[in-house]
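Only this structure's heavy atoms are used, side chains among them; waters, hydrogens and symmetry mates stay out. Residue indices begin at 1 and follow the sequence shown.
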Amino acid sequence: MLGVPPTLPSTTAAAPLLRIGSLPAAAVLPLTAALLVTVPVFLQAPWVRSAPMAAALFTIPLVAIALLLERHGRGQWQELGVLLVGFSGSWLGGCLFWGWCRLHPALHLPVEAFALPLAVAGLGGRWRLAGAFYLGSLLGTATTDGVIAAAGLMDLWPQVLNAPLTEAPLLLQSAALRVLQPWPLTLVSLAASLLVGIGLRLWRRGGPWRVGAAALATTLGVDALFLAASLLAPQLSGLI
């Protein structure tokens, strides 16, 4: 992802720009990407728990809307369609894992990365915004899973999800407290610093990479929010 030359052409350079309220046009797509990263926390997680098949099938109209915008939209409406294609890949990966594989944390990253070859291939053409969003989100997910595994917390994942509702919040809170121990906290700090550095580097590249940077930064923020919720109000974390 970082090996693409910084002179990669921006798809926003010559197109008419969409403005929302008083927002600068160049900020619309990164802010939209950040908003899309938060959707799984508030919409997908409860939906997948109650109706995983319906949530997964929602990918179909989502892709249809994305393709209509990409083919018939103008300016950033068209680019919004491309961005939604990348979001559709993240949405489907999340539905597949949390709907059917949630008790097997080792499968989290492989399932979420099912569209990785398409995302990488898309960076070289008109789907670069989709690829940048998907890869930014996936990098955040991979880093989170890596830190959990390195901190020795991966075994607690299925325990929390398998526990009765009366016990799960306490188990999740206990796991979050272990993150505050010296070794896990050091890992979290190093990982966060690394992601911030990568995000800044992507942002400076401009163009579609700003969408990837926004997705990556928001993933980091969502992880921090999840940790805070697990410590203070684990029943509201979205995992239970």
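Residue F87 holds its CZ atom at 11.0 Å from CG of L92, rounded to the nearest 0.5 Å. Atom CG of L57 and atom SG of C95 lie 9.0 Å apart (nearest 0.5 Å). With rounding to the nearest 0.5 Å, the separation of CG in L220 from OG1 in T144 is 8.0 Å. In this structure, L216 CG and F133 CZ are separated by 11.5 Å, a value rounded to the nearest 0.5 Å. The CD atom of Q173 sits 9.0 Å away from the OG atom of S230 when rounded to the nearest 0.5 Å. A distance of 10.0 Å separates CD of Q78 from CG of L129, quoted to the nearest 0.5 Å.
In this structure, the side chains of L69 and V82 stay at 4.5 Å or more apart for every pair of heavy atoms. Contact of the T143 side chain with the D223 side chain is not registered, since no non-hydrogen atoms from C-beta on lie closer than 4.5 Å. In this structure, the side chains of E70 and W127 come closer than 4.5 Å at one or more pairs of heavy atoms. No side-chain heavy atom of I65 sits under 4.5 Å from any side-chain heavy atom of L68.
Taking M154 as the reference, P105, I148, A149, W157 meet the side chain to side chain contact (heavy atoms under 4.5 Å, CB included) condition, with sequence neighbours excluded.
Among residue pairs with one or both ends in residues 52-72, those qualifying as ring-ring contact (aromatic ring centres under 6.0 Å, His included) are W47-F58, F58-W91; sequence neighbours excluded.
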W100 and L96: CA distance, side-chain angles, deciding distance, side chain to side chain contact (heavy atoms under 4.5 Å, CB included) verdict: CA-CA 6 Å; W100 291 276; L96 293 175; 4.2 Å; yes
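Closest approach of Q159 and L171 over heavy atoms only: O-CD1, 3.9 Å. The nearest pair of heavy atoms linking V147 to A191 is CG2-CB, 3.5 Å.
Tracing side-chain contacts under 4.5 Å through hydrophobic residues (I, L, V, M, F, W, Y), one never reaches L43 starting from L225; they form parts of separate clusters.
A donor-acceptor distance shorter than 3.5 angstrom exists from the side chain of R210 to the backbone of W203, with no hydrogens or angles considered. Listed for the Y134 side chain is no donor-acceptor partner under 3.5 Å among the backbone atoms of G89. The main-chain N or O of A215 is found under 3.5 Å from a side-chain atom of T219 such that the two form a donor-acceptor pair.
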